[in-house]
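As structure tokens, the structure follows; a few thoughts come after it.
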Amino acid sequence: MLELQRIRENKEEVIERLAVKNFHASGIVDEIVSLDQQRRATQKLRDDILAQSKKLAREIGRYFTSGEKEKAEAVRRESLALKEQVKTLSDELDKISGTLHNKLVELPNLPHPSVPRGNSDADNEVVFTEGEMPVLPQNALPHWELADKYKIIDFDLGSKVTGAGFPFYRGKGARLQRALINFFLDEAIGAGYLEYQPPLMVNEASGFGTGQLPDKEGQMYYIGLDKLYMIPTAEVPITNIYRHVILKEEDLPLKNVAYSSCFRREAGSYGKDVRGLNRLHQFDKVEIVQIQHPGKSYETLEEMKAHVAGLLRKLELPFRIVRLCGGDLSFTSALTFDFEVFSGAQKRWLEVSSVSNFESYQANRMKLRFKGADGKTRLAHTLNGSALALPRIVAALLENNQTAEGIKIPEALQSYTGFELID
RNA sequence: GGAGAGUUGCCGGAGUGGUCGAACGGGGCGGUCUCGAAAACCGUUGUCCGCAAUUGCGGACCAAGGGUUCGAAUCCCUUACUCUCCGCCA
């Protein structure tokens, strides 16, 4: 949620910046500014009458205690008239505030000035590339065939037991999952992150806090009986730890890491994008989250990028970093860098991480603040990044490391898997 | 799932209709004292909104939401959560 003051004071800039996200904001911004004016005027009216009414109530109290019942009765009648007015004005104020809030929540976050214009992932800007492209033989297999060949992932069995997009990992496939999770967690802990194991379901307030609700309601699994949402990422529970919290400035930055399964309905996905491990309804991910001082959040974004790059380097995967264009940027993000690994047999780049700065957008929704040295309370900045999501890493590892003898496990991972080869 | 009790400020904990934003204790911050520290003593201590904008004024907030009343932390209703006992259970 954008800060009202910012909209009020920089109306034109807000409209221009949102245009980069292909969001036409002029109408709604005008409405917001006008609703805000109405709200303030109405509150002034109500508060004045309320103050008067409080004064009378105290007077009645005093007359009662001193036994002057007739005087009390007279003032009571006077006060009764005010009551109606207060009620009317309060209802009006609630209505205006509610509408204002609903409008405010419809506005996406402002993109950072460095975000390029564009409509889709085709317009994203490649900012960095590293690693050697795999040279595979003509008959190289895509990962879903390798998974089947070595009997390490069973998609059909998942379909039978649950549905499409819920695979079983088996034998060395299952161990590889565990190894990656532990490797990613250990790396994050080494970089100063505190490990959490979060709940896999969250309530509505948490879904709202990080911005999944109401925007992406249809993308989450919902347990109606208990009104709980399956988490699409650990970002949701981990960031919401700080909902309605005022931190101390010296506590910043807070660095948390969590492994969790993630659940996504992925309504509307189709085709080669969903083949094999490319897109699943349930997958595993290690997520890093930071709460940072507004003046330092972009340094932190760089630090998080460096962390993710380090992981891919250790896994010996060729990768590139992409700056998302306005059209591809999420609703809540100000600046996002995607990490993509090259999957040799599919011959395509697969997104394995998304590192974002949300500035104060999520913090404003969940009222996450910190008290500065000057005693003033300000919104903090929130950031998060996948470090990393497993399925596409596994896809790239399988495809890129396939040999006649089997699939080679990168050295950094061998102490975690306990084997060097999947055969 | 059944029965009962509870949810108050940074923490503990009073307060059952009338200046209660809230006693008292602890903690934090500032000061006195001291070479310094401790102790003691004094003062101070939340968040949000609005008006005026230099210190000022008004309103809201005692789990959340609604109701009764001139007036509610205090009474009523709904929801959430916590605790105790029983049941069930990894």
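Residue numbers start from 1 in every chain, and the chains themselves are labelled A, B, ... in the order their sequence lines are given, proteins ahead of strands.
- Looking only at distances, a side-chain donor or acceptor of Asn109(A) sits under 3.5 Å from a matching main-chain atom of Phe358(A).
- rA72(B) and rG67(B): their P atoms are spaced 12 Å apart (whole Å).
- Backbone-only engagement by Ile246(A) is indicated by non-hydrogen atom pairs under 4.0 Å involving sugar-phosphate atoms exclusively.
- As rounded to whole Å, 14 Å separates atom C1' of rU69(B) from atom NZ of Lys87(A).
- Between rG26(B) and rG13(B), the two P atoms lie 15 Å apart (nearest whole Å).
- Between the C1' atoms of rG21(B) and rC61(B), the separation comes to 9 Å (whole Å).
- For the pair Asp94(A) CG and rG66(B) C1', the computed distance is 12 Å after rounding to whole Å.
- Taking atom NE2 of His244(A) as the reference point, atom P of rC48(B) lies 12 Å away to the nearest angstrom.
- A donor-acceptor contact shorter than 3.5 Å is absent between the side chain of Lys172(A) and the backbone of Ile152(A).
- Rounded to a whole angstrom, the distance from the C1' atom of rU7(B) to that of rA63(B) is 6 Å.
- Nucleic acid contact class of Lys371(A) (heavy atoms, under 4.0 Å, all strands): sugar-phosphate only.
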remark   = Given Watson-Crick and G-U pairs under 3.5 Å, RNA chain B in dot-bracket ([ ] crossing, | other strand) is ((((((((.[[[..)..(.....]]]((((((.......))))))((((((....)))))).[[[[[..)....]]]]])))))))....

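- To the nearest whole angstrom, the two P atoms, one in rG6(B) and one in rC75(B), are 11 Å apart.
- Among the heavy atoms of the strands, none lies under 4.0 Å from Arg77(A).
- When atom types are taken as modelled, the side chain of Glu399(A) and the backbone of Gln346(A) share a donor-acceptor pair closer than 3.5 angstrom.
- A distance-only check finds no donor-acceptor pair linking the side chain of Arg265(A) to the backbone of Tyr221(A) [under 3.5 Å].
- Taking only side-chain nitrogens and oxygens, Lys83(A) comes nearer than 4.0 Å to OP1 or OP2 of rG71(B).
- Under the 3.5 Å distance criterion, the side-chain polar atoms of Lys367(A) are matched with a main-chain donor or acceptor of Asn364(A).
- Look at CG on Asn364(A): it is 13 Å from C1' on rC48(B), rounded to the nearest Å.
- Tyr63(A) has its OH atom 13 Å from the C1' atom of rC70(B), to the nearest Å.
- Between rG17(B) and rC76(B), the distance separating the two P atoms is 12 Å to the nearest Å.
- Put simply, the side chain of Ser333(A) never gets that close to the backbone of Leu329(A): no donor and acceptor are under 3.5 Å apart.
- In this structure, Gln52(A) places its CD atom where more than 12 heavy-atom neighbours from other residues, nucleotides or ligands lie under 6.0 Å away.
- In this structure, Ile60(A) places its CD1 atom 13 Å from C1' of rU19(B), rounding to the nearest Å.
- In this structure, Leu80(A) and Arg369(A) both approach RNA chain B, and ranking their closest nucleotides by distance from the 5' end singles out Arg369(A).
- Using the six-membered ring where Trp is involved, Tyr416(A) and Phe183(A) have ring planes that are perpendicular, over 60° apart on the 30 and 60° scheme.
- Taking atom P in both rC35(B) and rG43(B), one finds a spacing of 25 Å when rounded to whole Å.
- Between Tyr229(A) and Tyr222(A), the ring planes lie tilted relative to each other; the angle falls in the 30° to 60° range.
- Between the side chain of Arg46(A) and the backbone N or O of Leu89(A) there is no donor-acceptor pair closer than 3.5 Å.
- For the pair Phe370(A) CZ and rG46(B) P, the computed distance is 19 Å after rounding to whole Å.
- At least one donor-acceptor pair under 3.5 Å links the side chain of His143(A) to the backbone N or O of Leu277(A).
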ask   = Going 5' to 3' along nucleotides 74-82 of chain B, which nucleotides have protein heavy atoms under 4.0 Å from the base (write B), which only from the sugar-phosphate (write S), and which from neither (write -)?
value = ---------

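- Across all strands shown, Lys376(A) has no heavy atoms under 4.0 Å from either base or sugar-phosphate atoms.
- Not a single donor-acceptor pair under 3.5 Å links the side chain of Ser356(A) to the backbone N or O of Asn384(A).
- Atom CZ of Phe64(A) and atom P of rU69(B) are 15 Å apart (whole Å).
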task = Mark up nucleotides 50-62 of chain B, 5' to 3', with B wherever a protein heavy atom is under 4.0 angstrom from a base atom, S wherever such an atom reaches only the sugar-phosphate, and - elsewhere.
result = SS------BSS--

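- Between rU74(B) and rU8(B), the distance separating the two C1' atoms is 11 Å to the nearest Å.
- With hydrogens and angles ignored, the 3.5 Å screen pairs no side-chain donor or acceptor of Asn357(A) with any backbone N or O of Ala334(A).
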